2 protein chains.
Amino acid sequence: MNDDTKDLNMSVIKAFSLLEAFTGEQQKWGVRELAKKVGYNKTTTFRLLRTLESLGAVQKGADDKYILGLKLFELGNLVSIHKSLRQMSRVPLEHIAKEITETIHFGVLKNNQVLYLNKAESPLGLKVSTQIGSYQDAYCSAIGKVLLAYLNDSELTSYLEEVALIPQTENTITKKAELRTELNKIKKQRYALDMEELELGLICIAIPVFNQQGDVVAAISASGPSSRFKAEKVNDYLDILFRGSAQLEEKLKDFN
Amino acid sequence: MNDDTKDLNMSVIKAFSLLEAFTGEQQKWGVRELAKKVGYNKTTTFRLLRTLESLGAVQKGADDKYILGLKLFELGNLVSIHKSLRQMSRVPLEHIAKEITETIHFGVLKNNQVLYLNKAESPLGLKVSTQIGSYQDAYCSAIGKVLLAYLNDSELTSYLEEVALIPQTENTITKKAELRTELNKIKKQRYALDMEELELGLICIAIPVFNQQGDVVAAISASGPSSRFKAEKVNDYLDILFRGSAQLEEKLKDFN
DNA sequence: AAAATTGTTTCAATATGTGAAACGCTGTTT
DNA sequence: AAACAGCGTTTCACATATTGAAACAATTTT
């Protein structure tokens with residue numbers, strides 16, 4: 001951590017640390033266990049939780065433990081950045097999902113990571129399911145690699161300097177030179193594949209979404225289990241994705 | 001304000017006051033104008049904003065003014081209360097919207113107000129458009145009246161004691177006895193009409209959604225301009241809504 | 001019945017947030 | 001060209017609001 005911490009309101013920072021402890025895996029917290037987790041005194045933690053409760057940012061569940069409250073739902077729905085992208089993506093994503101019958105994701109690059117703005121889930125039982133609003137490392141996902149591929153040289157160089165290529169599976173690209181080569185290839189062919197680079201058994205194919213100026217603003221992907229995702233289907237999937245992407249790009253025009 | 005304010009963390013409360021100043025109408029704020037709006041010193045406001053910025057709860061837009069940040073989007077997507085209701089409602093709402101070609105809303109009662117959890121917008125140009133996550137007074141909306149109609153006696157009595165029936169249009173019900181009669185009628189006929197009670201030119205029809213135990217957990221509505229919403233269509237709309245509601249109730253079973 | 005949890009309150013100490021005034025910057029008015 | 005008015009931001013002495021160990025009340029576990 002750098003010294004940007006100077007003159008920030010510590011109470012507010014602490015309050016948000018508490019909120020960030022609530023994740024998809026751990027949705028409920030008691031006072032003492034949360035205090036232990038974030039490293040604050042239990043009294044402090046208790047008072048912050050009570051404050052957040054009075055604001056509706058957290059609330060007590062049936063078992064008296066705290067869960068995230070509806071105020072955050074309200075505020076989250078007011079966030080205007082990418083809001084139009086998110087809204088306009090819904091219908092095209094659902095069309096694609098219906099045709100491909102795999103889960104479709106829609107994401108942008110934010111802080112060098114993929115931020116999932118929307119999704120349309122596969123109608124099948126066995127499917128990929130990601131939390132909208134969550135982040136994913138870019139170098140090991142199809143959407144991420146597409147978005148990285150269209151960065152300009154200096155952006156990509158600084159990304160490669162900063163990032164640590166941690167192996168998620170035996171297929172994860174862990175050499176920076178190799179990643180660069182892969183990204184060049186992706187830019188040429190206009191799509192990216194993730195062949196179990198993030199998770200074993202999970203395959204993903206992604207293509208870019210351009211705005212009217214020709215910049216890549218987002219990417220869409222289809223993800224499914226390797227058992228269904230056969231090589232001979234790739235071209236079909238790409239066709240469908242490209243048609244969906246064209247729809248998205250059409251809608252994007254209205255927002256300029 | 002009552003004395004619940006004791007021992008709450010004022011900084012956190014102030015920070016949230018700032019966040020709540022951001023609405024659909026006013027999405028951007030400069031430091032000084034926001035300070036004026038919320039009544040804090042500009043220095044305090046500035047420091048809180050800087051703190052919130054470092055947390056990603058706000059960020060600076062293109063014109064250097066502050067807008068709500070993606071951290072709130074992330075947190076909002078993690079809110080688990082009503083999350084399943086929200087998710088399961090999407091597909092049925094879209095089916096209904098396609099059939100009725102008017103905007104469909106899905107809401108619950110929260111703090112004696114209607115909280116909109118989801119919507120499916122009319123494909124037509126002239127349409128109702130509500131912010132998901134926003135609140136609406138219950139007594140003057142169709143969804144609200146349905147939800148009120150199924151409260152038990154003591155809940156309804158305490159609602160009627162607390163609420164102020166402020167006329168929104170010339171059709172708004174402003175007498176508590178009259179509202180009670182209306183709610184009885186609604187419970188009997190199993191649907192509610194809002195005939196320009198909230199906004200002139202706006203008509204709305206709503207029905208309840210039951211869970212497996214037979215409690216009303218939510219309501220769905222179709223809203224449109226009075227120019228399109230003719231009396232002879234009401235029965236058709238009801239048919240479609242009831243079929244949609246049945247779909248919703250079917251999905252609800254899986255979550256018990 | 002004792003022990004070990006939990007959430008919650010108390011109170012003195014001090015660390016933390018406060019706000020008037022000043023600063024540097026940009027754009028407009030004189 | 002100079003004065004002005006707006007903005008976000010910094011400074012610093014002061015005072016208030018936050019802190020945490022310890023105690024408390026209420027459950028649950030031993």
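Below, read A as the first sequence line, B as the second, and so on, with proteins coming before strands; counting in each chain starts at 1. Predicted, not measured: the structure shown is a model, and the values here were computed from it.
- If you take CG of B:Leu48 and P of D:dT10, they are 15 Å apart, rounded to a whole angstrom.
- Taking atom CD on B:Gln59 and atom C1' on D:dG8, their separation rounds to 18 Å, with Å as the unit.
- Within 4.0 Å of A:Asp64, counting heavy atoms only, lies no atom of the nucleic acid at all.
- Note: CZ (B:Arg50) to C1' (D:dT9) measures 7 Å, nearest angstrom.
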Go through the steps to decide whether B:Thr169 and B:Glu199 satisfy the test side chain to side chain donor-acceptor pair (under 3.5 Å), and finish with yes or no. CA-CA 6 Å; B:Thr169 73; B:Glu199 191 179 318; over 6 Å; no
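- Listed by residue number, A:Lys42, A:Thr43 are the residues of residues 34-44 of chain A with a heavy-atom contact under 4.0 Å to DNA chain C.
- One finds no salt bridge joining B:Glu249 and B:Lys251 here, because no Lys/Arg side-chain nitrogen approaches an Asp/Glu carboxylate oxygen to under 4.0 Å.
- In this structure, A:Arg47 does not reach the D:dA17 phosphate: none of its side-chain N or O atoms is under 4.0 Å from OP1 or OP2.
- One cannot find a donor-acceptor pair under 3.5 Å joining the base of D:dG6 and the side-chain atoms of B:Arg32.
- For B:Glu53, the salt bridge (charged side-chain N to carboxylate O under 4.0 Å, His left out) criterion is met by no residue, not counting sequence neighbours.
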Check the pair A:Ser129 / A:Glu121 against side chain to side chain contact (heavy atoms under 4.5 Å, CB included), numbers first and verdict last. CA-CA 7 Å; A:Ser129 189; A:Glu121 289 200 342; 2.5 Å; yes
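- Between B:Asp63 atom CG and D:dG6 atom C1' the separation is 15 Å, expressed in whole Å.
- Look at CZ on A:Phe46: it is 15 Å from P on D:dA26, rounded to the nearest Å.
- A close approach under 4.0 Å does occur between a side-chain nitrogen or oxygen of B:Lys60 and OP1 or OP2 of D:dT9.
- Side-chain polar atoms of B:Gln113 and B:Asp137 form a donor-acceptor pair below 3.5 angstrom.
- In this structure, CG of A:Leu8 is placed 11 Å from P of D:dT10, rounded to the nearest angstrom.
- When each of A:Gly30 and B:Lys14 is assigned the nucleotide of DNA chain C with its nearest heavy atom, A:Gly30 is the one assigned upstream, toward the 5' end.
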Return all side-chain donor-acceptor pairs below 3.5 angstrom for residues 58-70 of chain B, not counting sequence neighbours, or 'none' if the list is empty.
from	atom 1	to	atom 2	distance (Å)
B:Asp63	OD1	B:Lys65	N	3.4
B:Asp63	OD2	B:Lys28	NZ	3.1
B:Lys65	NZ	B:Glu33	OE2	2.9

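- Checked against the 6.0 Å centroid criterion, the rings of B:Tyr150 and B:Phe210 qualify as a close aromatic pair.
- In this structure, the CH2 atom of A:Trp29 is 16 Å from the C1' atom of C:dT6, given to the nearest Å.
- Looking at heavy-atom distances under 4.0 Å, B:Lys65 makes no contact with the nucleic acid at all.
- If you take CD of B:Glu33 and P of D:dT9, they are 13 Å apart, rounded to a whole angstrom.
- Here A:Ser11 does not reach the OP1 or OP2 of D:dA17: none of its side-chain N or O atoms lies under 4.0 Å away.
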